[in-house]
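Numbered from 1 within each chain, the chains take letters A, B, ... in sequence-line order.
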There are 2 protein chains.
Amino acid sequence: MDRRQQKTRMAIFNAFADLLAEKSYSKITVQEIIDRANVGRTTFYAHFETKDELLRALCDQLFGHIIGSAADCTHTHGLYCDGNAPESVFCHLLQHLQENDNNILGLLSCESSELFLRCFKDSLNELIKDQFVNQNRKVNRDIPPDFLINHISGSFVEMVLWWVKGRMKQTPEELDRYFRAVIEPVL
Amino acid sequence: MDRRQQKTRMAIFNAFADLLAEKSYSKITVQEIIDRANVGRTTFYAHFETKDELLRALCDQLFGHIIGSAADCTHTHGLYCDGNAPESVFCHLLQHLQENDNNILGLLSCESSELFLRCFKDSLNELIKDQFVNQNRKVNRDIPPDFLINHISGSFVEMVLWWVKGRMKQTPEELDRYFRAVIEPVL
DNA sequence: TTTAATACCGAACATTTTGTTCTCTTTTAT
DNA sequence: ATAAAAGAGAACAAAATGTTCGGTATTAAA
């Protein structure tokens, strides 16, 4: 990809992320984005057809990294409650989120957080499903695996939302402990 | 309230709900709403300042009923796992959702579902919090009550979303059983 | 280093959507 | 019956969207 393209793409991403942290998605105009990104109108539409597509691209970029590293983690440590390992994938995820504080969590705490969370949850779902399939875990037989997978990823995402909205007073390790406490009994 | 106002308000609500089931929120224009509702432009703006306000009003109306009747239910039956009652508030909620199929679940399955779910979850949170406070339940002491409340309402909402997206193959009673199975061990 | 491709700019433009203002008619409550 | 309120409808300004064009600068590849 052309360096110029990379630069403008990044400029647009950054401008958009900044704006999302300030105001709600629906109130952001293309004009504001290109003004802040300092690119021409034509350029914007050459990269993204709509504002929606821009958002999707931003989500893909942001969560691509996080989920990617989490996937690596699962391949070595397993998903979660393999005995009492001090670190679960979920702890890893939370730490990663906290490190990229300014980037990701800023967006999660804004009015448009739901859009990101859905994107996040979709990725999480894949991650967990893989583990369920690979490990052939013996789970609660009365409950469909699909339900359980959704329950885990859903609970996680809701927890993150709760965490961020409460100004992240807990440490990732603390949260991980809580999360295990409400998920492990179910498996 | 004037009968005319009620009528136009309803006409706008219905038109809007119809449109939400067809296309995403951001792509719906005021023009489309008033065309379908068959009201004048001026009239629309006399009732709602913005499209966002319309959405909020619609949410309030839809979930007001459901949560209201659920609240009644909790006052007599308690929140949830008081022994092994065949019906929990959550089952009641699910049944109620299924009954109002065309109204509410249609909206939940559309692209704008997140907006409704957040609204729904907020209401649920209140419901659960009340019960926690009133009953002075002895819950898991290692976990903050706030976390638990959020976990319950969050899991419920995610479950409903999963249910709707999977075309509601399960009965409310079935879902209730699953939900109890993943929540009761935690309390 | 030259060259051809292409990404960008900026300005102008048509189109769409928004939100307001006006007059006139219909409906409502009393 | 009447005054108050609500809606219709058209016309309007303003803002936002999305496209087209010719000219400039950057890039990758020869």
Side-chain angles (χ1 to χ4, degrees), chain A residues 1-61 64 107 110-116, chain B residues 1-61 107 110-116 119:
Chain A
M1 189 189 233
D2 201 308
R3 261 178 231 152
R4 287 170 294 179
Q5 287 191 57
Q6 289 178 39
K7 273 178 69 179
T8 52
R9 198 178 163 85
M10 273 307 142
I12 291 174
F13 273 166
N14 289 332
F16 187 48
D18 276 6
L19 284 165
L20 275 174
E22 287 173 20
K23 53 167 70 177
S24 81
Y25 175 74
S26 63
K27 291 188 180 164
I28 296 172
T29 66
V30 174
Q31 192 62 49
E32 287 174 303
I33 298 170
I34 64 178
D35 281 349
R36 195 169 299 208
N38 205 31
V39 299
R41 187 164 202 74
T42 332
T43 309
F44 177 89
Y45 284 107
H47 281 262
F48 308 99
E49 278 197 12
T50 62
K51 218 174 61 177
D52 283 22
E53 199 191 305
L54 168 59
L55 181 67
R56 171 172 291 274
L58 183 62
C59 285
D60 286 351
Q61 208 221 22
L107 297 175
C110 75
E111 284 191 57
S112 315
S113 54
E114 286 77 28
L115 295 152
F116 291 94
Chain B
M1 189 189 238
D2 201 309
R3 261 178 231 155
R4 288 169 295 180
Q5 287 191 56
Q6 289 177 39
K7 272 178 69 178
T8 52
R9 197 178 165 86
M10 274 306 143
I12 291 174
F13 273 165
N14 289 332
F16 187 48
D18 276 6
L19 285 165
L20 275 174
E22 287 173 22
K23 50 167 73 178
S24 78
Y25 175 75
S26 62
K27 289 187 180 167
I28 296 171
T29 65
V30 175
Q31 192 62 49
E32 286 175 303
I33 298 170
I34 63 177
D35 281 350
R36 194 169 298 210
N38 205 30
V39 298
R41 188 164 200 72
T42 333
T43 309
F44 177 89
Y45 284 108
H47 281 261
F48 308 99
E49 278 199 11
T50 62
K51 217 174 61 179
D52 284 21
E53 198 191 305
L54 168 59
L55 180 67
R56 170 173 291 274
L58 183 61
C59 285
D60 286 351
Q61 208 221 21
L107 297 176
C110 76
E111 285 191 56
S112 314
S113 54
E114 286 77 28
L115 295 153
F116 291 94
C119 188

**OP:** Quickly work out the B/Asp35 CG to C/dT18 C1' distance and round it to whole Å.
**Re:** 14 Å

Subject >> Whole angstrom value for the distance that separates P of C/dT17 from CZ of B/Phe44 >> reply: 14 Å

Original post:
Which of these nucleotides, C/dA29, C/dC8, D/dA28, is closest to any side-chain atom of A/His47?
Top reply: C/dC8

**OP:** For C/dA7, take OP1 and OP2 only and decide whether either is under 4.0 Å from a side-chain N or O of A/Thr43.
**Re:** no

Subject >> N/O donor-acceptor pair, side chain B/Arg4 with base C/dT28, under 3.5 angstrom >> reply: no

Subject >> Atom pair distance, as rounded to whole Å: CD in A/Gln6 and P in D/dT27 >> reply: 11 Å

**OP:** Take atom NZ of B/Lys23 and atom P of C/dT17, then tell me their distance rounded to the nearest Å.
**Re:** 9 Å

**OP:** Provide, to the nearest angstrom, the distance between the OH atom belonging to A/Tyr45 and the P atom belonging to C/dC13.
**Re:** 19 Å

Subject >> Validation row: B/Ile12, B/Leu58 side chains within 4.5 angstrom (heavy atoms) >> reply: no

Original post:
At under 4.0 Å between heavy atoms, what does A/Thr29 touch on the DNA or RNA strands: base, sugar-phosphate, or nothing?
Top reply: sugar-phosphate

Original post:
Within this structure, what is the CD1-to-C1' distance between A/Ile33 and D/dA16, rounded to whole angstrom?
Top reply: 12 Å

Subject >> Most 5' of A/Thr42 and A/Gln5 on DNA chain C, judged by nearest nucleotide >> reply: A/Gln5

Subject >> Atom-to-atom span, CD of A/Gln31 to P of D/dA14 - whole angstrom >> reply: 17 Å

**OP:** Using a cut-off of 6.0 Å, state whether more than 12 heavy atoms not belonging to B/Glu53 lie near its atom CD.
**Re:** yes

Original post:
Would you call the rings of B/Tyr25 and B/Phe16 parallel, tilted or perpendicular if under 30° counts as parallel and over 60° as perpendicular?
Top reply: perpendicular

Original post:
Reckon A/Thr8 touches a base, only the sugar-phosphate, or nothing at all at heavy-atom distances under 4.0 Å?
Top reply: sugar-phosphate

Original post:
On DNA chain D, nearest-nucleotide positions of B/Asp2 versus B/Arg41: which is more 5'?
Top reply: B/Asp2

**OP:** Quickly work out the A/Ile34 CD1 to D/dT17 C1' distance and round it to whole Å.
**Re:** 11 Å

Subject >> Single hit among A/Arg4, A/Gln5, A/Gln6 for side-chain hydrogen bond (donor to acceptor under 3.5 Å, both in side chains) with A/Asp2 >> reply: A/Arg4

Original post:
Given D/dA28, is OP1 or OP2 found less than 4.0 Å from the side-chain N or O atoms of A/Arg3?
Top reply: yes

Original post:
Below 4.5 Å, heavy atoms only, C-beta onward: do B/Leu54 and B/Val30 meet side chain to side chain?
Top reply: no

Original post:
So which one's nearest nucleotide on DNA chain C is more toward 5', A/Gly40 or B/Lys7?
Top reply: A/Gly40

